[in-house]
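Okay, so here's the structure we're looking at.
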Amino acid sequence: SSSGRDAERFVTVTDGPHFDGRAWAQQTLAALAVEQRSEADELEATLRTLSAAACARRGVSVLHLRVAEVDAAGPGGRSRVVLQAAHGGPIPAHKLGARSEVRLRAKKNKVPSAQGRRLDGDGDDVSEVSGVVSKAADASIELLTDAAPEAVESLRGSLRLDAVAN
């Protein structure tokens, strides 16, 4: 038969190693910073060395987009940009989500055309727009950018949206 004493167990720890929470936190933060830099370097290398199609397969780029809507009165005074698939239908699978930093740019032309060149307010060529994804859905991707609506609208043709290391 079992007695009531068997139901209770006590553990006493003596002379164990002292846990230094501050040192652990500093080591963890340092390791996370190294990992974040490594991931950023890997993303930059992927975008620089792989084809657009290969980047899209990895989910770090979305190809064949068009600007469906630009609203200058977005949150925080930013321009709100709605992107949709250029061919209609759903946007291909990707890894971009809310708070992803992105770069939107026009597909490179083989021969630049002076007639199709767009300028920003300072007279500089606008070839890309940076922003942050605020919403990603099957049919659209919404992003916020500090760029003027005119700069966004100057991006013509099939557009490419790339993740940016942050």
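Residues: numbered from 1 along the sequence shown.
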*What pair of heavy atoms forms the shortest contact from Leu155 to Ala106, and how long is it?*
CD2-N, 4.1 Å
*Check for a donor-acceptor pair, side chain of Thr46 on one end and backbone N or O of Glu42 on the other, with a separation under 3.5 Å.*
yes
*Should Val133 and Leu144 be counted in the same cluster of Ile, Leu, Val, Met, Phe, Trp and Tyr side chains packed under 4.5 Å apart?*
no
*asked:* Would you compute the distance between atom CG of Asp162 and atom CD of Glu101 and round it to the nearest 0.5 angstrom?
replied: 13.5 Å
*Out of curiosity, Arg103 CZ to Arg160 CZ, how far, rounded to the nearest 0.5 Å?*
7.5 Å
*Closest contact, heavy atoms only, Ala136 versus Gly97*: CB-CA, 4.4 Å
*Among Arg78, Arg80, Lys135, which one satisfies salt bridge (charged side-chain N to carboxylate O under 4.0 Å, His left out) with Glu142?*
Arg80
_Flag side-chain contact, heavy atom, 4.5 Å: Val67 against Leu83_ = yes
*Give a yes or no on this: more than 12 heavy atoms of other residues, nucleotides or ligands lie within 6.0 Å of atom CG of Asp20.*
yes
*Spacing of CD belonging to Glu39 relative to CG belonging to Leu43, to within rounding of 0.5 Å*: 9.5 Å
*Kindly give the heavy-atom pair with the smallest separation between Gln84 and Ala139, and that separation in Å.*
CG-O, 3.6 Å
_Hydrophobic cluster membership, Val152 vs Ile91, 4.5 Å side-chain cutoff_ = yes
*Decide side-chain contact (heavy atoms from CB on, under 4.5 Å) for His94 and Ile141; before the verdict, give the C-alpha distance in whole Å, the side-chain angles of both, and the deciding distance to 0.1 Å.*
CA-CA 11 Å; His94 56 84; Ile141 297 175; 3.8 Å; yes
*Taking all heavy atoms of Ala151 and all of Val129, pick out the closest pair and write down the distance.*
O-CG2, 4.2 Å
*What distance do Thr28 atom OG1 and Glu35 atom CD have between them, rounded to the nearest 0.5 Å?*
11.5 Å
*Could you check Leu161 against Leu143 for side-chain contact (heavy atoms from CB on, under 4.5 Å), going step by step and ending with a plain yes or no?*
CA-CA 10 Å; Leu161 187 67; Leu143 64 102; 4.0 Å; yes
*What distance do Arg105 atom CZ and Ser61 atom OG have between them, rounded to the nearest 0.5 Å?*
7.0 Å
*Taking Thr145 for the side chain and Ser130 for the main chain, is one N or O donor matched with an acceptor at less than 3.5 Å?*
yes
*Minimal non-hydrogen separation, Ala165 against Ala40, with atom names*: CB-CB, 3.3 Å
*Give a yes or no on whether Val70 and Leu65 share a hydrophobic cluster (residues Ile, Leu, Val, Met, Phe, Trp, Tyr; joining criterion: side-chain heavy atoms under 4.5 Å apart).*
yes
_Separation between OG of Ser158 and CG of Leu63, rounded to the nearest 0.5 Å_ = 7.0 Å
*Any idea which heavy atoms bring Val164 and Val102 closest together, and the distance?*
CG2-C, 3.5 Å
